[in-house]
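When a ligand or atom number is given, it counts from 1 through the structure's own listing order. Here the structure is a predicted model, which is why all the values come from computation and not from measurement.
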Amino acid sequence: MRYNSTRNKNLSVSAAEAIVRGISPDGGLYIPEEFPKLMDLKDLMNMSYRELASYVLGLYFEELGLGKLKESAGAAYDGKFPTEVTPLKTIGDMTFIELYHGRTLAFKDMALSVLPHLLKASLEKLGNENRILILVATSGDTGKAALEGFNEVDGIDVMVYYPKDGVSEVQRLQMVTHAGSNTHVIAIDGNFDDAQSGVKDIFTDEDFKNKIMELGFNFSSANSINIGRLIPQIVYYINAYLRLVEKGIINNDSKINVAVPTGNFGNVLAAYYAKQMGLPINKLIVASNDNKVLTDFFETGEYDKERELLLTSSPSMDILISSNLERLLYHITDGDYKKVSEAMKKLNQNKKYLWDEFGEGEFFAAFASEEDVSNSIREVYDGDYTIDPHTAVAYFAARRYIETTGDKTHMLVASTASPFKFPAKVLSSIGEDVPDLEFDSLRLLSEKMKVEIPDSLKELPYLEIKHKDVYKPDEMRQSILEIIQEKKYVKD
Ligand SMILES: *Cc1c(COP(=O)(O)O)cnc(C)c1O
């Protein structure tokens, strides 16, 4: 499979190159030349999660070697997740797919536990001997998942940039207490969009890239702009579908709807990919929080990022520039890269663009206000299940869809984070007073949910803070040079 840029069909690269580069030199994102088709679902039924993952990775990244991909899937999912990997919880007409049982308690682990292996295999394939410097902009969850995934991986360094006041306390502590000789965490005096734009800007700055290369480094990305991160996310949608059939919740070949809490459009795009590959998906529900750029886009056709970024209780979705939407625009126009480039240019220059193609009505978009989120958490809690604020956004949008359309198709809701990552909002939503100390909140939530606090959070308050640096968005290049020099990675 070859990969080309969303902004130029003729700029095509191998899978290994697409994974190592992360983003195309013209600023576009890499997309597969075509969608491979799934084999008969019945023949996938008996596969374990790991086997299914190797199969899907093989359809896209065959050139890395099927043996390597199998190994990678094993290293990523065996022992690091529960046996079920992504457990399902069905309540009435909806099934929550819990994507948060990895080490950092958010769905980012699903892809970031396998990406390092794909990257290593790609580097070997290309014979690249430079050290790799992964730049990560995080809205809260990608950061820690990347730090875990790449921890002490030979030949790779990770720089994580997070918005100083834009992540939850648990998210912040998870990152700044991370110990590892190849990992660096920096607070950006700005919001997530500043961090993400900064990273993209550096990736397309040829002069800076050359300078870094002379120092023995190549950049790569662990954000969902990297195709190596997107493809592994397809797997859990297929797996969930198969398990729903197996449990008799849906019939063989019947369709499902999928609701996804959306920020950078990566997770919902993975579901769209699964659909293009032949998974029987009817509607994709694009759920936003108060930063409802995408809801407005699907309703009015105008993408308008010129608005204030609001800090919400679902920080991982506090995003105004939803990067992966660019991939969708490319696919629904059947590869009209000129139209896509034009729109992206307008977004850059005028902060907005108009769009007129939305596929075959397969998307439904809705947003949840803070109050909707609280009510949703409460409503689900009263039914004896606890969801985090991000998942609540998706649940609310799914409910809105069902009310609006009366569609009775079974709804799969992507449950993207553990409630323990956002104890304050969950507790206040279910009518509890929120204790002053984060750890007391965790304890109280644990009592309410009758679930143990996850081990990785229990130790958090006792860990040393390792990373205190704060930089301005326009100082990101400097932060990179300083770290390279400080660590004396410079080649003799
Ligand atoms: C990243 C994240 C999202 C948004 O996912 P995208 O792929 O960026 O759309 C939603 N919920 C949680 C908990 C996340 O960490």
Smallest separation among heavy atoms of Met110 and Pro232, with atom names: O-CB, 4.5 Å

Quiz: residues 79-86 side-chain donor-acceptor pairs under 3.5 angstrom, not counting sequence neighbours:
from, atom 1, to, atom 2, distance (Å)
Lys80, NZ, Ala75, O, 2.9

If a pair satisfies salt bridge (Lys or Arg N to Asp or Glu O under 4.0 Å) and one of its residues is in residues 280-297, list it, with sequence neighbours excluded. Lys292-Asp296, Asp296-Arg307

Closest to atom 8 (O) of ligand 1 among protein heavy atoms sits Asn264 N, 2.8 Å

Closest heavy-atom pair and its distance - Asn226, Ser221: ND2-O, 2.7 Å

Give the residue, atom name and distance (to 0.1 Å) of the protein heavy atom nearest atom 9 (O) of ligand 1. Gly263 N, 2.8 Å

Taking the six-membered ring for Trp, are Phe107 and Tyr236 parallel (under 30°), tilted (30 to 60°) or perpendicular (over 60°)? perpendicular

Tell me which part of Tyr100 gets within contact of ligand 1: side chain, backbone, both or neither, using heavy atoms under 4.0 Å. neither

Which ligand 1 atoms, with their elements, are less than 4.0 angstrom from a heavy-atom of Met317? 10 (C)

Looking only at protein heavy atoms, which one is nearest to atom 7 (O) of ligand 1, and how far off is it? Asn267 N, 2.9 Å

Could you name the option among Thr416, Val286, Leu325 that has the heavy atom nearest to atom 12 (C) of ligand 1? Thr416

Using a 4.0 Å heavy-atom threshold (strictly under), name the region of Lys108 that reaches ligand 1: side chain, backbone, both or neither. side chain

Around Glu371, counting heavy atoms of other residues, nucleotides and ligands shown, do more than 12 lie under 6.0 Å from its CD? no

Could you list the atoms of ligand 1 found under 4.0 angstrom from a heavy atom of Thr262? 9 (O)

Under the 6.0 Å and 45° cation-pi test, does Lys339 pair with Trp355? yes

Could you check atom 10 (C) of ligand 1 against the protein and tell me its nearest heavy-atom contact, residue, atom and distance included? Pro261 O, 3.6 Å

Using a plain distance cutoff, I'd like to know if Gly266 has any nitrogen or oxygen under 3.5 Å from a nitrogen or oxygen of ligand 1. yes

Under 4.0 Å between a side-chain nitrogen and a carboxylate oxygen: does that hold for Lys351 and Asp304? no

Under 4.0 Å from a heavy atom of Ala417: which atoms of ligand 1 are those, numbered in the order shown and with their elements? 13 (C)

Please indicate whether any nitrogen or oxygen in Asp141 is less than 3.5 Å from any nitrogen or oxygen in ligand 1. yes

Is it true that Phe363 and Phe358 have ring centroids separated by less than 6.0 Å? no

Looking only at N/O atoms, are Phe107 and ligand 1 under 3.5 Å apart anywhere? no

